[in-house]
Amino acid sequence: MASYLKIICLVIFVIKFTTSCNNSNKETDKRTVFNYNEMAGVTSLDPAMANNLENIWAVNQLFNGLVQMNDSLRVIPCIAKQWQVSEDGLTYTFTLRDDVFFHDDKCFENEKGRKVKAKDFVYSFTRLFDARVSSAMSLLANIDRTEKTNYKGFSAPNDTTFVIYLKEPFSAFISVLTMKYFSVLPFEAADYYNQDFRRNPIGTGPFKFKLWEEGTKLVLLKNENYFEFEGATRLPYLDAVTISFVKDRETAFMELLNGKYDMLSGADAFNANEVLDKQGNLSTVYQKKFNMQKQTFLKTDYLGILVDDNLDLVKKSPLRIKALRKAINYAFDREKMVKYFRNNIGFPATAGFIPNGLPSFNANIVKGYTYNPEKVRQLLIEAGYPEGKGLPEITLHTTDNYLEQTEFIQAQLAENNIHVKISVDKPSVLRQAVASCEYNLFKKSWVGDYADEENFMSLFYSKNFAPVGSNYTHYKNPDFDVLFEKVIKEQNREVKNVLYQKMDQILIDDAPIVPLYYDQVIRLVGKNVDGLTTNPMNLLNLKLVKKQPSSN
């Protein structure tokens, strides 16, 4: 009964709010609501659990951190108006704004949101060490919680100064802090709501929480006291944001056509064969109905190959032979795959593992693989399998979402005398098996958590072996490791570029992976929406969005 009443209240609220937005009364007809659909759903509004894109998008509207990433991937101020890094790279000192307030809520005295202080960041960051509430613990490994820092790692000398102490220099650290994990929240709210804070978020963001009926709709309202301005105008421009959770893409697409939604995001959110032509452009029939946004995405899709000779699984596999791994890389046409199976969404991965969109990416320096049957033939001879003779069938593990792509790879490899069997797993099964080193060959992708190449290269650092780390291939190369340990301390961007390019080429030459494509962000957006920008992190920023009232 309680759930039923919640749904009734939700429907009444949404009807009233929508009605007020469309009211002809001059005082209300300028109110605007941005509506989008999230097929995968939202599982938590706690920044400590901002571990997937769906949660991150919602959390980004509600919370702020010390710094933020702009659309050009540059770290810029947010609640911290400036910062300094010590000469040894171990101490980060942030000076905070003094005009940032938490959202009003009953957890505060008189239900009025108080001013953010440096001790709130100490509390918020320390909270991330609790495995019961946080999925960010691996990102905190370099925080110095020794006697030197009174076993805390953070300090607040005064209300507007926050200090972070590191064990070792880490040049990507300021980029790491743009992640939503590192948002500030009030201890009063976390204490008051306890485990239910995930659905009662109190932050400082441009929008504040109104209600959430899980699996149905999430409603956020404008924060009238938000601290950021555009010129003389206090942000945000929108009056509200509503998020729906329709799982059927055909239904969601019809709602976009009917004007209920202002945006659909991702190639999986609609039928690309219907909406796009083979060049990846918006079909003529839809060009008058909405706009399409495409943007480089920090995401690389690839096949991973387990290469750890200490594992029995590898000892028994022909994939232990480098020449065979390189032959697989040459044995299929990435350009055809992207064109015919992705409607030209993304770019063929013919350079390294680092995707275009990051500063070090340079296809003229890092030489990857293109379709070349003659090289496949030569490499098979080198591997000891001339014309594929004696080469056992190899199993490729994937999920249903990528079946067409892997079937294309399978067919082209077969034409080149490399025979592959496809095993379709549930996503959760594949994730667990890959992390546990149970598969020799698997389809996977990596999305940048922050805008630094270190995030991609760390997948191949030998001290990050899965399941503890994210080195799922168990790749180990001493030369690569030396460069990795050098680059993470390097502050000069040009020097970093050179080091990352050397690392990427070593990786490509050793071939523990088969890069497939560098992905793109793709969104369908209503014609009456302005100010919705894209960025290579695919972070949804709604504080600058304007929407013309619907004429319906």
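Count residues from 1 along the sequence.
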I'd like to know if [X] pairs up with [Y] as an ion pair, taking the criterion as any Lys NZ or Arg NE/NH1/NH2 lying under 4.0 Å from an Asp or Glu carboxylate oxygen.
| X | Y | value |
| --- | --- | --- |
| D504 | K502 | no |
| E54 | K180 | no |
| K543 | E228 | yes |
| D46 | R198 | no |
| R199 | E214 | yes |

TODO: Report yes or no: do Q505 and D509 form a side-chain donor-acceptor pair below 3.5 Å?
DONE: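 Indeed, the side chains of Q505 and D509 share at least one donor-acceptor pair under 3.5 Å.
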TODO: Taking atom types as modelled, find out whether K152 and T126 have a side-chain donor-acceptor pair closer than 3.5 angstrom.
DONE: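 Checked: K152/T126 side chains show no N/O donor-acceptor pair below 3.5 Å.
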Task: Matching residue for R114 among D105, D120, D159 - test: salt bridge (Lys or Arg N to Asp or Glu O under 4.0 Å) - done: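 When D105, D120, D159 are each tested with R114, the salt bridge (Lys or Arg N to Asp or Glu O under 4.0 Å) holds only for D120.
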Side chains of [X] and [Y]: closer than 4.5 Å at any heavy-atom pair?
| X | Y | result |
| --- | --- | --- |
| P186 | Y123 | no |
| F480 | Y475 | yes |
| D262 | Y36 | no |

TODO: Taking the six-membered ring for Trp and the full ring for Phe, Tyr or His, determine whether the centres of F173 and Y92 are under 6.0 Å apart.
DONE: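 Yes, close enough.
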TODO: Count the heavy atoms of every other residue, nucleotide or ligand shown that sit under 6.0 Å from NZ of K476, and state whether that count exceeds 12.
DONE: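 Not buried by this count: 12 neighbours or fewer within 6.0 Å.
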Task: Row check, Y472 ring normal vs K444 NZ/CZ: under 6.0 Å, within 45° - done: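 Here K444 passes the 6.0 Å and 45° test against Y472.
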Open item on the list: To check you understand the geometry: which heavy-atom pair defines the closest contact between T160 and A118, and what is its length?
Closed with: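 Reported closest heavy-atom pair: N-CB, 4.3 Å.
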